[in-house]
Amino acid sequence: MGLLTGGLPDFPWDTLVPFKDRARRHPDGLVDLSVGTPVDPTPALVREALAAAADAPGYPTTHGTAALREAVVDWFARRRGVPGLDPDAVLPTVGSKELVAWLPSLLGLGEGDVVVHPECAYPTYDVGARLAGATPLPADDVSVWERRDDVRLVWLNSPSNPTGEVLGVEDLRRAVAAARRIGAVVASDECYALLPWAEPWVTRGVPSVLDPAVTDGDVRGLLAVHSLSKQSNLAGYRAAFVAGDPALVRRLLEIRKHAGMIVPAPVQAAMATALADDEHVAQQRERYRRRRAALLRGLEAAGLEVDGSPAGLYLWARAAGAGQDCWATVGDLADQGILVAPGSFYGPAAARHVRVALTASDEDVVRAAARLEGA
């Protein structure tokens with residue numbers, strides 16, 4: 001049986017179907033907090049930019065327009081504390097998930113190579129390693145892999161999906177230094193970076209792997225991945241980018257040209273507009289802040305404990321006490337008409353937690369919180 005048909009785990013969300021059916025039977029209906037898909041409108045200025053660029057008869061550029069790459073450079077300087085990024089070291093991607101899934105293959109990894117990723121992690125890091133024929137290694141502690149000679153790629157995820165945990169400058173510096181000693185690439189998935197909820201990240205901002213405080217001005221071997229899906233409600237546009245080491249980006253660009261992995265021209269125009277406007281991002285963050293506060297109160301009233309979750313779009317919750325299995329918690333919440341994701345989707349280390357998404361309408365969040373507070 002081939003790798004693509006037999007070498008991958010089952011798609012995890014399919015196993016939630018019985019619990020979704022169970023939640024639907026609640027008299028007040030289902031509130032789905034299991035998937036982090038945006039529900040709020042795409043900002044008008046972004047839709048207008050998309051429409052204005054709709055007459056696009058020719059092939060778009062794989063590297064992205066100069067306007068888009070300059071917008072990314074300006075955004076990194078303004079919002080992420082990364083000045084002076086090379087526009088040639090920016091590459092738009094068809095959403096961030098495809099890059100996560102294909103980066104090990106695009107880097108030429110294969111049998112005998114190891115891809116490190118967080119212990120509680122978005123499943124696609126593992127899948128990407130397997131697609132390339134490489135070996136995934138879940139590890140949060142740098143000491144687990146810093147002396148190995150087979151590690152070729154290290155995935156960081158800050159803020160984390162699912163836990164919301166943030167890697168500080170010293171955490172990033174240690175990972176980067178260790179990877180450089182063994183010749184590994186560091187790819188940092190930073191898609192939730194503009195959604196911090198706790199100090200010091202609200203004041204200082206979530207640090208990027210490309211921050212000069214991390215790199216000392218040397219971005220060799222480093223890639224930062226970012227998506228506009230969450231901050232700008234552009235999940236349907238598949239709008240993301242990777243930036244960092246110019247040599248690595250050139251390598252990715254060459255392969256992507258051959259493979260036709262191109263972001264459509266109207267989407268590139270919409271991305272440039274979205275990246276230049278901070279107001280709609282602030283408005284969306286405020287929506288999520290209100291929803292987070294309501295759900296946090298509800299979960300705590302229902303006897304659940306929320307761990308970490310200082311940033312991102314999720315609350316990382318567990319039943320208080322003896323350590324109830326995540327699937328039992330999923331069932332308990334389904335009986336209240338609330339669907340959440342079991343922590344087991346994110347690795348064995350997450351077996352006691354559930355992930356509660358903030359991506360539901362204000363009305364649905366109010367309904368869910370009221371049920372939880374009345375539990």
Side-chain angles (χ1 to χ4, degrees), residues 13 31-57 60-61 64-65 67-76 78-80 90-100 122 124 159 161 189-197 206 224-243 261-292 294-295 311-314 356-366 368:
W13 269 264
V31 176
D32 191 344
L33 304 178
S34 67
V35 181
T37 186
V39 299
D40 300 304
T42 299
L45 81 166
V46 179
R47 285 182 275 136
E48 290 164 3
L50 183 81
D55 184 11
T61 171
T65 63
L68 172 55
R69 287 184 283 116
E70 289 288 356
V72 171
V73 168
D74 291 345
W75 177 85
F76 261 109
R78 188 177 72 252
R79 300 304 307 268
R80 305 291 283 118
V90 174
L91 180 63
T93 63
V94 189
S96 59
K97 184 172 183 176
E98 63 95 341
L99 183 75
V100 172
Y122 186 53
T124 311
N161 173 13
D189 182 348
E190 302 174 356
C191 293
Y192 300 92
L194 298 192
L195 294 169
W197 310 115
V206 173
V225 181
H226 196 81
S227 168
L228 277 67
S229 294
K230 307 304 192 280
Q231 68 191 48
S232 298
N233 297 326
L234 293 186
Y237 284 46
R238 311 312 300 131
F241 54 85
V242 60
M261 301 169 82
I262 310 173
V263 175
V267 174
Q268 292 190 33
M271 290 174 67
T273 295
L275 287 165
D277 181 74
D278 295 333
E279 180 58 31
H280 78 273
V281 178
Q283 292 173 0
Q284 187 59 45
R285 183 182 180 282
E286 176 58 20
R287 293 185 190 106
Y288 285 136
R289 187 201 63 76
R290 293 196 306 268
R291 293 167 187 168
R292 181 181 185 276
L295 288 172
L313 279 182
Y314 310 103
V356 183
L358 310 182
T359 50
S361 68
D362 290 342
E363 294 77 13
D364 278 351
V365 167
V366 167

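Treat the numbers as computed from the prediction; the structure is a model and nothing was measured.
In this structure a side-chain-to-backbone donor-acceptor pair under 3.5 Å is missing from Arg238 to Val263. The closest donor-acceptor contact from the side chain of Thr359 to the backbone of Val35 lies under 3.5 Å. Checked by atom type and distance alone, the side chain of Ser227 pairs as donor or acceptor with a backbone atom of Ser229 at under 3.5 Å.
Looking at Tyr192 and Val206, their side chains never come closer than 4.5 Å, going by heavy atoms from C-beta outward. At a threshold of 4.5 Å between non-hydrogen side-chain atoms, the residues Tyr314 and Pro159 do not count as touching. In this structure the side chain of Val90 never reaches within 4.5 angstrom of the side chain of Glu70, judged on heavy atoms. Under the 4.5 Å side-chain criterion, counting only non-hydrogen atoms from C-beta, Leu45 is in contact with Asp277. In this structure, the side chains of Lys97 and Tyr122 come closer than 4.5 Å at one or more pairs of heavy atoms. At a threshold of 4.5 Å between non-hydrogen side-chain atoms, the residues Val72 and Asp74 do not count as touching.
Of all the heavy atoms in Val31 and Ala368, the pair that sits closest is CG1-CB, 3.9 Å. Across Leu295 and Val365, no two heavy atoms sit closer than the pair CG-CG1, 3.9 Å. Here the shortest heavy-atom pairing between Ser96 and Cys191 reads OG-SG, 3.6 Å. Between Ala274 and Val46 the shortest heavy-atom distance is CB-CG2, 3.8 Å. Between Tyr288 and Lys230, the closest heavy-atom pair is CE1-O, 4.1 Å. Residue Pro60 comes nearest to Ala265 through the heavy atom pair CB-N, 3.8 Å, listed as atom of the first residue, atom of the second, then distance.
Once rounded to the nearest 0.5 Å, the distance linking OG1 of Thr65 with CD of Gln268 reads 5.0 Å. Note: Asp189 CG to Asn161 CG = 8.0 Å, rounded to the nearest 0.5 Å. Separation of atoms CG (Leu195) and CZ (Arg292) is listed at 10.5 Å; rounding is to 0.5 Å. From Leu234, atom CG reaches atom CZ of Arg47 across 10.5 Å, with rounding to the nearest 0.5 Å. The line from CG of Leu68 to CG of Leu275 is 7.0 Å long, rounded to the nearest 0.5 Å. Rounding to the nearest 0.5 Å places OG1 of Thr42 at 9.5 Å from CD of Gln284.
Aromatic pair Phe241/Trp75: ring centres closer than 6.0 Å.
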Report the C-alpha separation of Asp362 and Arg287 in whole Å, then their side-chain angles, then the decisive distance to 0.1 Å, and conclude whether the salt bridge (Lys or Arg N to Asp or Glu O under 4.0 Å) test is met. CA-CA 8 Å; Asp362 290 342; Arg287 293 185 190 106; over 6 Å; no
One pair to check against side chain to side chain donor-acceptor pair (under 3.5 Å): His280 and Ser232. What are the steps and the verdict? CA-CA 7 Å; His280 78 273; Ser232 298; 2.8 Å; yes
For Met261 and Glu98: C-alpha separation, side-chain torsions, deciding distance, then whether side chain to side chain contact (heavy atoms under 4.5 Å, CB included) applies. CA-CA 10 Å; Met261 301 169 82; Glu98 63 95 341; 3.3 Å; yes
Mind running side chain to side chain contact (heavy atoms under 4.5 Å, CB included) on Asp32 and Asp364 for me, showing each step along the way? CA-CA 8 Å; Asp32 191 344; Asp364 278 351; over 6 Å; no
Begin with the C-alpha distance, continue with both residues' side-chain angles, and end with the deciding distance and a verdict on side chain to side chain contact (heavy atoms under 4.5 Å, CB included) for Arg80 and Leu194. CA-CA 9 Å; Arg80 305 291 283 118; Leu194 298 192; 4.2 Å; yes
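Remark: of the listed residues Glu279, Arg285, Glu286, Glu279 is the sole one forming a side chain to side chain donor-acceptor pair (under 3.5 Å) with Gln283.
Counting only residues at least two apart or on different chains, the salt bridge (Lys or Arg N to Asp or Glu O under 4.0 Å) pairs with a member in residues 33-44 are Asp40-Arg291.
Residues passing the side-chain contact (heavy atoms from CB on, under 4.5 Å) test with Ala224, sequence neighbours excluded: Phe76, Glu190, Ser208, Val209, Leu210.
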